[in-house]
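To find a chain, count down the sequence lines: A is the first, B the second, and so on, and within it residues start at 1. Here the structure is a predicted model, which means the values were calculated and not measured.
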Amino acid sequence: LAHFPVLDEGFWEGLEEALIEADVGIQVTQELLDKLREEARAQKIRESAQLLPRLKEKLVDILTTEKQPLFSEGKLGIFLMLGVNGTGKTTTIAKIAHRAKIEGKNVLLAAADTYRAAAIEQLEIWGKRVGAATIKHRRGSDPAAVVYDAIHAAQARDVDVLLIDTAGRLHTYIHLMEELQKIKRVVMREAPEAEIKTLLVIDATTGQNGLSQARLFGKALEVDGVVLTKLDGTAKGGIIAAIEDELKIPVILIGVGEKLDDLQEFDARAFVEALLS
Amino acid sequence: NLATRLQNVFTKLRGRGRLSEQDVGEALREVRLALLEADVNFKVVKDFIAEVKERAVGEEVLKSLTPGQQVIKIVHEELAALMGSGQSKLAFASKPPTIIMLVGLQGSGKTTATAKLAHYLKNQGKRPFLVAADIYRPAAIEQLKILGEEIGVPVFSKVGKSVLALAKQGIREAVPKNCDVVVVDTAGRLHIDEKMMNELEEVKREVRPHQVLLVVDAMTGQDAVNVALVFKERVDFDGVILTKLDGDARGGAALSIKAVTGRPIKLASVGEKLDDLQPFHPDRMSSRILG
Ligand SMILES: Nc1nc2c(ncn2[C@@H]2O[C@H](COP(=O)(O)OP(=O)(O)OP(=O)(O)O)[C@@H](O)[C@H]2O)c(=O)[nH]1
Ligand SMILES: Nc1nc2c(ncn2[C@@H]2O[C@H](COP(=O)(O)OP(=O)(O)OP(=O)(O)O)[C@@H](O)[C@H]2O)c(=O)[nH]1
Ligand SMILES: [Mg+2]
Ligand SMILES: [Mg+2]
């Protein structure tokens with residue numbers, strides 16, 4: 001983008017390319033560039049060096065939300081993790097559990113992915129590594145029943161943070177979305193005193209389908225936040241700009257690797273700098 | 001959908017006879033939009049649109065078609081040329097066992113695809129053998145063993161061995177079992193992870209698989225090209241298994257990868273069950289991408 005000091009077509013095409021290649025999507029890209037072009041015209045801006053910071057600011061505005069603390073004090077915090085297959089839900093649970101343990105919290109895991117081969121074993125191994133017990137049933141059992149047991153165990157054991165792992169599922173499978181709704185109903189009914197965070201886990205390599213995911217998961221259950229994983233790759237994860245712009249679901253955490261401490265709080269400014277680098 | 005949008009473009013224009021540059025320009029703006037919404041790579045779209053424009057401008061509109069239909073016809077033909085036509089088969093070794101290695105980013109669907117591929121080949125009369133060479137992910141070996149059991153295919157793994165050692169031993173174990181295809185599951189890895197890409201290069205060099213298949217998630221966005229190019233350069237792959245096609249992702253990554261690496265998509269994964277693997281149909285994919 002530094003190649004175009006003059007505001008010619010090449011400059012605007014360069015901006016469009018940078019945004020689209022970051023998976024921001026054509027619609028949000030066009031809206032942003034239309035606004036920027038109008039601003040340049042109205043304020044008689046002649047140099048590209050003046051416009052790039054304005055574009056970054058617009059993106060930061062879309063992505064900035066009021067920060068909430070990750071863990072609630074004095075009450076049970078329940079994290080319900082959902083998302084399509086393979087996005088990093090189980091690994092993210094391990095990372096959040098690790099952080100909670102470091103903060104001295106009592107953590108419990110619920111192995112409510114009762115479907116996929118070795119899903120329960122995978123979560124249990126992570127549980128042992130972070131020092132958190134795992135509530136589980138047999139593979140093939142009703143995930144809502146696992147959640148029910150986990151909540152009552154959490155309440156009995158004075159747990160601070162309960163993390164619920166669910167099976168990956170495509171948002172287009174209505175019966176699987178209904179299964180999630182049932183799980184959430186159980187959580188709300190059995191733990192009315194808890195602070196419940198429903199988090200949608202999205203892979204940073206995802207393109208425009210991420211918007212469809214957020215729309216349908218959001219429609220089925222209220223989603224409180226997004227975890228954007230695999231940002232340690234070369235994908236920029238720009239789809240969250242489209243998600244936040246349309247659905248106002250904030251990104252609260254990012255995954256930057258496969259280890260327990262590869263979890264960071266979302267920083268809109270740092271994200272936008274990386275997006276347009 | 002695109003067909004309707006193109007029709008709308010052309011009902012506004014009155015040009016018949018030959019397609020004017022302006023008519024084509026309008027129509028191609030819609031095609032470009034459709035392709036970018038479908039996650040086709042920006043540069044691939046740019047080149048594709050230029051190709052179509054060159055063919056379309058000045059072309060005679062056939063009596064049986066409207067200008068919109070004419071442009072769609074050209075787009076479909078150019079897309080088919082890019083995607084490749086017909087099914088791309090798996091190549092088997094003249095002297096068994098055929099060794100197939102699955103590689104790709106984290107979570108793309110490799111372990112499941114390894115088992116699905118074994119099931120698919122078993123139904124074709126082959127005797128597959130699986131090697132669980134992901135020693136990193138918790139319960140990865142267990143995952144493949146469970147899947148292997150479900151389809152009645154033996155799975156080899158060995159704790160405490162390096163990936164290279166266990167891959168080599170796994171292949172040796174397949175021979176006395178009279179297995180003619182060995183499918184090797186590997187750990188998900190980033191194309192920019194030097195250590196992990198070096199490991200993969202080393203395994204490929206020593207094990208010499210007859211087929212390396214890159215497993216790619218159909219919802220991958222613009223980054224698909226970066227990933228495919230690096231995997232091609234570092235380990236080279238013979239084809240792609242495109243997964244999670246049972247969702248509503250348009251799958252533009254398929255076009256991007258084929259256009260940029262020349263490697264075909266060989267198989268499509270369309271669900272989580274072990275029989276959800278099918279030969280890939282490029283023409284169906286083109287329609288899906290265009291929307
Ligand atoms: N590089 C990288 N890999 C990650 C990250 N988060 C998760 N992974 C990897 O992604 C793969 C899938 O992670 P899982 O936690 O099993 O994903 P999941 O969403 O639970 O998968 P399903 O339960 O099968 O839907 C694993 O190989 C993880 O190590 C991340 O932030 N960066
Ligand atoms: N809906 C659907 N899910 C799929 C498909 N292929 C794989 N999956 C699911 O995607 C998730 C990830 O699959 P895995 O086979 O564990 O992926 P992987 O590439 O081996 O993951 P890593 O080893 O961590 O890199 C699992 O939940 C699978 O069941 C598919 O075609 N459709
Ligand atoms: Mg999981
Ligand atoms: Mg795997």
Worksheet item: Given the rule in the side-chain contact (heavy atoms from CB on, under 4.5 Å) test, do A:E121 and B:I146 qualify, once you have shown the distances and angles that lead to the verdict?
Response: CA-CA 11 Å; A:E121 291 86 331; B:I146 292 172; 4.1 Å; yes
Item to complete: Output the option from B:A249, B:A140, B:A218, B:A224 having the highest count of non-hydrogen pairs under 4.5 Å with chain A.
Response: B:A249
Practice prompt. Would you tell me whether A:N209 and B:D248 have side-chain atoms, one donor and one acceptor, within less than 3.5 Å of each other?
Written response: yes
Discussion item. Quick check on B:E51: does its CD atom have over 12 non-hydrogen neighbours (other residues, nucleotides or ligands) under 6.0 Å away?
Written reply: no
Discussion item. More than 12 heavy atoms of other residues, nucleotides or ligands under 6.0 Å from NZ of B:K158: yes or no?
Written reply: no
Discussion item. If you apply the rule side-chain contact (heavy atoms from CB on, under 4.5 Å), what do you find for B:K244 with A:V84, and how did you get there?
Written reply: CA-CA 10 Å; B:K244 308 176 203 170; A:V84 304; 5.9 Å; no
Item to complete: Might you point out which heavy atoms bring B:L147 and A:A117 nearest each other, and give the distance in Å?
Response: CD2-CB, 3.9 Å
Worksheet item: Can you tell which of B:N41, B:L36, B:I192 has the highest number of heavy-atom pairs within less than 4.5 Å of chain A?
Response: B:I192
Worksheet entry | Engaged part of B:D246 at the chain A interface, taking heavy atoms whose separation is under 4.5 Å | both
Fill in: Minimum-distance pair of heavy atoms, taken over all atoms of B:P138 and A:Q122
O-CG, 3.5 Å
Worksheet item: With a cut-off of 6.0 Å (strictly less than), are more than 12 heavy atoms of other residues, nucleotides or ligands near CD of B:E201?
Response: yes
Worksheet item: Considering residues, nucleotides and ligands other than B:R284, do more than 12 of their heavy atoms fall under 6.0 Å from its CZ?
Response: no
Discussion item. My understanding is that only one of A:E21, A:K236, A:Q208 makes a side chain to side chain contact (heavy atoms under 4.5 Å, CB included) with B:Q222; could you say which?
Written reply: A:E21
Worksheet entry | B:E37 vs A:I26 side-chain heavy atoms within contact, under 4.5 Å | yes
Item to complete: Might you point out which heavy atoms bring B:E272 and A:G168 nearest each other, and give the distance in Å?
Response: OE2-O, 3.9 Å
Item to complete: Could you tell me whether the side chains of A:T234 and B:D223 share a donor-acceptor contact shorter than 3.5 Å?
Response: yes
Worksheet, complete the sentence: So, the part of A:Q30 with a heavy atom under 4.5 Å from chain B: the answer is side chain
Worksheet item: Which heavy atom in B:Q106 sits nearest to a heavy atom in A:D203, and how many Å separate them?
Response: O-OD2, 4.5 Å
Practice prompt. Find the one option among A:H171, A:Q27, A:R116 whose heavy-atom pairs under 4.5 Å with chain B are most numerous.
Written response: A:R116
Discussion item. If you apply the rule side-chain contact (heavy atoms from CB on, under 4.5 Å), what do you find for B:D217 with A:T205, and how did you get there?
Written reply: CA-CA 9 Å; B:D217 193 322; A:T205 64; 5.9 Å; no
Discussion item. Taking side chain as everything from C-beta outward and backbone as N, CA, C, O, which of these in A:E258 sits under 4.5 Å from a heavy atom of chain B? Side chain, backbone, both or neither.
Written reply: side chain
Worksheet item: With chain A, which of B:K145, B:R137, B:E150, B:E142 has the greatest number of heavy-atom pairs at distances under 4.5 Å?
Response: B:R137
Practice prompt. Could you check which of A:T172, A:T229, A:I239, A:N85 has the highest count of heavy-atom pairs closer than 4.5 Å to chain B?
Written response: A:N85
Fill in: Smallest separation among heavy atoms of A:A118 and B:A139, with atom names
CB-O, 3.7 Å
Discussion item. Shorter than 4.5 Å, heavy atoms on both sides: which option in B:L33, B:V230, B:T220, B:D39 has the most such pairs with chain A?
Written reply: B:D39
Worksheet, complete the sentence: Honestly, the part of A:I20 sitting under 4.5 Å from a heavy atom of chain B is both
Worksheet item: Would you call A:E17-B:K46 a salt bridge at under 4.0 Å N-O?
Response: no
Worksheet item: Contact part of B:L105 toward chain A, heavy-atom cut-off under 4.5 Å: side chain, backbone, both or neither?
Response: side chain
